[in-house]
**Student:** 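I'd like to ask you about the structure that follows.
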Amino acid sequence: MLKTTTIVVGAGHCGLAMSRCLAAQSIDHVVLERGEVAHTWRTQRWDSLKLLTPNWMTRLPGYTYRGDDPDGYLTASETAQLITDYAKETAAPVRANTTVTSVRPVERGYLVQTDQDTWHARAVVSATGGSAVARVPALQHGVPAGITTLTPTEYRNPSELPDGGVLVVGASASGIQIAGEVYRSGRPVTLAVGEHVRMPRTYRGKDILWWMDATGLLNERYDEVPDLIRARSLPSMQLVGSPERKTVDLNALRRIGVRLVGRLAGIRDGVAQFSGSLANVSLLADLKLGRLLDTIDTWATKAGREGLDPPQRFAPTQVPTPVRLALDLRSGEIQTIIWATGFRPDLSWLQAPIFDRKGRVRHDGGVTASPGLYLMGMPFLRRRKSTLIDGAAADAADLTDHLVRNLDAT
Ligand SMILES: Cc1cc2nc3c(=O)[nH]c(=O)nc-3n(C[C@H](O)[C@H](O)[C@H](O)COP(=O)(O)OP(=O)(O)OC[C@H]3O[C@@H](n4cnc5c(N)ncnc54)[C@H](O)[C@@H]3O)c2cc1C
């Protein structure tokens, strides 16, 4: 059996940030990765995807963006390259092509079984991704045979889709990006819209994420928010990274011809049924955006920022009337359904008593109830930005401090 002090599972940016912080504290460790470094950026992203975070936000422990386009947005392959370069630069002790199949508590630590070797470690950090698997609602079973169904991790580009209409379910970052791209390929697109987070790409002349960073909103801590469960389940922001810095919200999609319907509530006898809540969820998203812009304006005034464009307010979301409530999936109108209904972690290999009755992992800012077992990269793990690349540095530093204290105490 191989031995080390700490095993980090997963060599995405979170695992590598953790590795860098452990190395800085001289903690002996290895990073076990089932594929190559940045595996998910190589294998689970569609061809045209660009980060929705500007390049200057691509910060990791000991690394800041060095290119000549700080306000641009990296492609998925550029992101994979950046993470790979970071692994080399930090000399992270990555063992690639090693899948962790189980981790269970044993005396003085954990037994880590992989498809290569067995390890004993005193501490384990899971950095296998908060968005490891696409979520697909149970109503998928009602989809009639003959319709192609895909998740965003399977979708690559419109040319791989059959001709004909496409139903995109979900209007968060993935859904709006894919809906726009598929529509531009000449296919009619229907977008089923549930709760969503409307965002302009720029506000008062600056990227909206610049504002969220400057005001401290992205740094908000998990132990400061009034409703953490809700904060952890919020949909992703409707944002796209593009050279023109364009806003892609429901109004923009409707303008180009995407048909908006409410949340997909059920599929009965092959007929998709949409909720009548489109106007309400859109109004709610408009109100929340208004509140965010109020917060930003108040901050800008207090901070005495000069040289900014004047405050703006955006047109309310235009909802079609009447909105369609049913769509017969057997009619041939829809040939493809894309489930852009979110992502979830896959911690099925963790055999420790850290899950609730619904199978959700319980943790306090990444610290689980199993001493020496930690999580990285989960939604709002310790801060609002925890799932963003920019969130890993602070979380990894905090968890490393906890891990070191725990090692010293045991
Ligand atoms: C579509 C999409 C777009 C996103 N866009 C942005 C963006 O614009 N900006 C931003 O900051 N963030 C973005 N994110 C969020 C986030 O940065 C990514 O999800 C990121 O990939 C998460 O990093 P991670 O290190 O937590 O996990 P991952 O990058 O998923 O890394 C996890 C690693 O663990 C490995 N692994 C999994 N299971 C095992 C196992 N059992 N044994 C060994 N290895 C294992 C995987 O192969 C993988 O390499 C996006 C996410 C998605 C899904």
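For ligands, and for the atoms within them, numbers begin at 1 and follow the listed sequence.
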**Student:** Can you name the residues that form a salt bridge (charged side-chain N to carboxylate O under 4.0 Å, His left out) with R45, not counting sequence neighbours?
**Tutor:** none
**Student:** For F274, give me all partners under ring-ring contact (aromatic ring centres under 6.0 Å, His included), at least two apart in sequence or on another chain.
**Tutor:** none
**Student:** So, T317 versus N251: side-chain donor-acceptor pair below 3.5 Å or not?
**Tutor:**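 Side chains of T317 and N251: no pair found under 3.5 Å.
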**Student:** List the atom pairs, with distances to 0.1 Å, where a side-chain N or O of residues 204-213 and a protein N or O form a donor-acceptor pair under 3.5 Å, not counting sequence neighbours.
**Tutor:**
unit_1	atom_1	unit_2	atom_2	d
R204	NE	D309	O	2.7
R204	NH1	D297	OD1	3.0
R204	NH2	D309	O	3.4
D207	OD1	R201	NH2	2.8
D207	OD1	L209	N	2.9
D207	OD2	Y73	OH	2.6
D207	OD2	R201	NE	3.4
D207	OD2	R201	NH2	3.2
W211	NE1	Y203	O	2.6
D213	OD1	R59	NH2	3.4

**Student:** Please determine if R42 and E78 form a salt bridge, counting it only when a charged side-chain N lies under 4.0 Å from a carboxylate O.
**Tutor:** no
**Student:** Would you call T247 and R198 a side-chain contact if the rule is heavy atoms closer than 4.5 Å?
**Tutor:** no
**Student:** Starting from the N and O atoms of ligand 1, find every protein N or O within less than 3.5 Å and list the pair with its distance.
**Tutor:**
unit_1	atom_1	unit_2	atom_2	d
ligand 1	8 (O)	L52	N	2.6
ligand 1	9 (N)	T53	OG1	2.8
ligand 1	11 (O)	I389	N	2.7
ligand 1	17 (O)	T387	O	3.3
ligand 1	21 (O)	W41	NE1	3.3
ligand 1	21 (O)	R45	NH2	3.1
ligand 1	23 (O)	H13	ND1	3.2
ligand 1	25 (O)	H13	N	3.3
ligand 1	25 (O)	C14	N	3.0
ligand 1	29 (O)	T40	OG1	3.0
ligand 1	30 (O)	T40	OG1	3.0
ligand 1	41 (N)	V100	O	3.0
ligand 1	42 (N)	V100	N	2.9
ligand 1	44 (N)	R34	N	3.0
ligand 1	47 (O)	E33	OE2	2.7
ligand 1	47 (O)	R34	NE	2.7
ligand 1	47 (O)	R34	NH2	3.4
ligand 1	49 (O)	E33	OE1	2.6
ligand 1	49 (O)	E33	OE2	3.2

